[in-house]
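What follows is a short report on a single structure.
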Amino acid sequence: MQNLMLNRLDQYLINQFWVILGIAIMGFLSIFLVVDLIENLDRFMDNKVPTEIVLKYYIYTIPYFISIGLPMAVLISTVFSLGSMIKRNEWTAMKASGISLYRVATPLIVCGFLLSGISFLLDNNLVSYGNEKRFEIDRDYVKRKSRHKLKNTLKDIFLQKNSSSHISLSKYQIQKRIGYDLTMVDLGQLTIRERVDAKKISWNSDSLKWLVSDFSIRQFDQRGLETDVRIGKNDSLMSLGFIPADIQQQARKPDELDYYKLTERIMQLKENGVDTVKWEVTRYIKISFAFTNLIVILCGIPLVVLKEKNSLSFGIGMSILIIFCYYALIKFGQSLGYNGLISPILSSWIGNIVFIFSGLILFFKAKT
């Protein structure tokens, strides 16, 4: 009999949680869209951005808004689900029946794990893709006052097209498609096989090749000894194994890359001796932020139970404070990581660690 009652309780609590969660997400999404449209309306009008492009911009923005609004919606859903039960004296009846706080919290914690997985998939599929597309729209159509400006000149570029080909440029002008100080090395298993150096390369759209100026091509044998040298003073068209789009990938922000592409980019940069601290911090945050949904549930449940008489008002007020402190701590840890003061993984998890312990302490106090 008690098991049947607990199953019904789980169903009731889970249904109420998901209904409130859906309403909260729609509410936050509406607020974010309206506020962002008001903020950007003058930019769109000044640059005469077509209506269909504006619609595309906000379609691509929706996943990002859902991602940042989801933890807030989860916390509110937790507070309202339990708070309404306390307000109707259902929590008092459950305690009298011997049902513990841990048992009541179990279905919500399971929902938290599920939402954390959904959040990770959302961020690494729709959010990253949407960010890339909306940044492109901002760069292409909103020429003035663009919030996502693409640098016209890139410096210290490193590319790796395959396991053996390593390419570097000291500078590359995106609009002109001109690069300077090219070094391209073809590595064998143990030694270098070929090296290409050039003072300048420029993309030829007609031939889809690079016009290479003041270059040298050196061949090496299996012992690493130079066997042949070709030095060119005149410009020559060459296929170098990469195109301008490959170089422009260097201008993409970490927010435009999912976890797996970030991991791949970090490996490429490390192999070329580039500092990857900021990239690593961003990659770890993509994992740690997904667990925000579980953490806010851990913190939200005891907040409602601790103040049974004023469960809803107290829970809502504390929810706002918790979200504010949590995001502030994430940014603080991110800043420490970017500056190399703490390790990238610790900087991305510092907020989670603090609030997990806080949630467990609150749980213990609420239980006692």
Side-chain angles (χ1 to χ4, degrees), residues 10 13-32 61-84 101-102 104-128 130-131 255 258-259 282-305 315-334 345 347-363 366:
D10 292 342
L13 190 57
I14 290 173
N15 289 337
Q16 191 167 240
F17 174 84
W18 285 102
V19 169
I20 298 174
L21 178 63
I23 295 172
I25 289 175
M26 293 303 297
F28 281 120
L29 181 60
S30 301
I31 293 171
F32 291 156
T61 306
I62 286 174
Y64 171 71
F65 283 157
I66 292 177
S67 178
I68 61 174
L70 185 58
M72 293 182 280
V74 169
L75 185 55
I76 288 176
S77 182
T78 303
V79 170
F80 271 88
S81 298
L82 285 178
S84 61
L101 174 62
Y102 302 139
V104 174
T106 298
L108 293 180
I109 292 175
V110 171
C111 289
F113 276 108
L114 178 61
L115 285 167
S116 294
I118 292 173
S119 177
F120 180 80
L121 293 175
L122 175 68
D123 184 64
N124 287 280
N125 289 278
L126 296 179
V127 175
S128 299
N131 282 344
D255 291 340
D258 60 31
Y259 176 83
T282 303
R283 181 183 61 164
Y284 286 124
I285 285 178
K286 287 184 176 292
I287 297 178
S288 65
F289 187 76
F291 285 93
T292 305
N293 303 287
L294 174 62
I295 292 170
V296 295
I297 289 177
L298 288 174
C299 294
I301 292 173
L303 285 179
V304 181
V305 178
I316 293 172
M318 289 302 296
S319 297
I320 297 173
L321 179 62
I322 284 175
I323 286 294
F324 176 80
C325 293
Y326 183 77
Y327 281 125
L329 197 54
I330 287 178
K331 290 297 181 182
F332 176 69
Q334 188 177 30
I345 189 169
S347 69
S348 60
W349 278 90
I350 188 170
N352 288 7
I353 293 171
V354 170
F355 275 85
I356 285 174
F357 279 106
S358 300
L360 293 175
I361 292 171
L362 287 173
F363 246 107

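Just so you know, residue 1 is the first one in the sequence shown, and it goes up from there. Scope of the values below: all heavy atoms of this structure, side chains included, with no hydrogens, waters or symmetry mates.
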Seminar exercise, completed: To the nearest 0.5 Å, atom SG of C299 lies from atom CD1 of I295 at 7.5 Å

Problem set entry | Taking every non-hydrogen atom, the tightest pair across G112 and I297 | CA-CD1, 3.5 Å

Problem set entry | Smallest separation among heavy atoms of L13 and P107, with atom names | CD2-CG, 4.0 Å

Problem set entry | Considering all heavy atoms, the nearest I20-F80 contact | CD1-CB, 3.7 Å

Seminar exercise, completed: So CD1 of I353 and CG of L329: to nearest 0.5 Å the spacing works out to 10.0 Å

Exercise. Any sub-3.5 Å donor-acceptor pair from S81's side-chain atoms to S77's backbone N or O?
Worked result: yes

Exercise. Any idea which heavy atoms bring G333 and S347 closest together, and the distance?
Worked result: O-CB, 2.9 Å

Exercise. To the nearest 0.5 Å, how far apart are CZ in F32 and CD1 in I62?
Worked result: 13.0 Å

Exercise. Has Y284 got more than 12 heavy atoms of other residues, nucleotides or ligands less than 6.0 Å from its OH?
Worked result: yes

For this session: Could you please spell out the steps behind the side-chain contact (heavy atoms from CB on, under 4.5 Å) verdict for L21 and I76?
Result: CA-CA 8 Å; L21 178 63; I76 288 176; over 6 Å; no

Exercise. Is T78 reaching over with its side chain to a backbone N or O of I301, donor-acceptor style, under 3.5 angstrom?
Worked result: no

For this session: Take D123 and D258 through the side-chain contact (heavy atoms from CB on, under 4.5 Å) test and state the conclusion after the steps.
Result: CA-CA 7 Å; D123 184 64; D258 60 31; over 6 Å; no

Problem set entry | Check against side-chain contact (heavy atoms from CB on, under 4.5 Å), V74 and F17 | CA-CA 8 Å; V74 169; F17 174 84; 4.2 Å; yes

For this session: Without swapping roles, check the side chain of S128 against the backbone of N124 for a donor-acceptor pair under 3.5 Å.
Result: no

For this session: List the steps, then state whether side-chain contact (heavy atoms from CB on, under 4.5 Å) holds for Y259 with F120.
Result: CA-CA 9 Å; Y259 176 83; F120 180 80; 4.2 Å; yes

Problem set entry | Interatomic spacing from CD1 in I285 to OG in S348 - rounded to 0.5 Å | 6.0 Å

Exercise. What distance do L29 atom CG and L70 atom CG have between them, rounded to the nearest 0.5 Å?
Worked result: 11.5 Å

Problem set entry | Nearest-0.5 Å distance that lies between atom CG in L108 and atom CD1 in I14 | 7.5 Å

Seminar exercise, completed: On a heavy-atom basis, the closest approach of I25 and A73 is CG1-CB, 3.6 Å

For this session: Grab the two heavy atoms, one from N293 and one from S119, that are nearest each other, plus how far apart they are.
Result: ND2-CB, 3.4 Å

Exercise. Do N352 and Y326 have side-chain atoms, one donor and one acceptor, less than 3.5 Å apart?
Worked result: yes

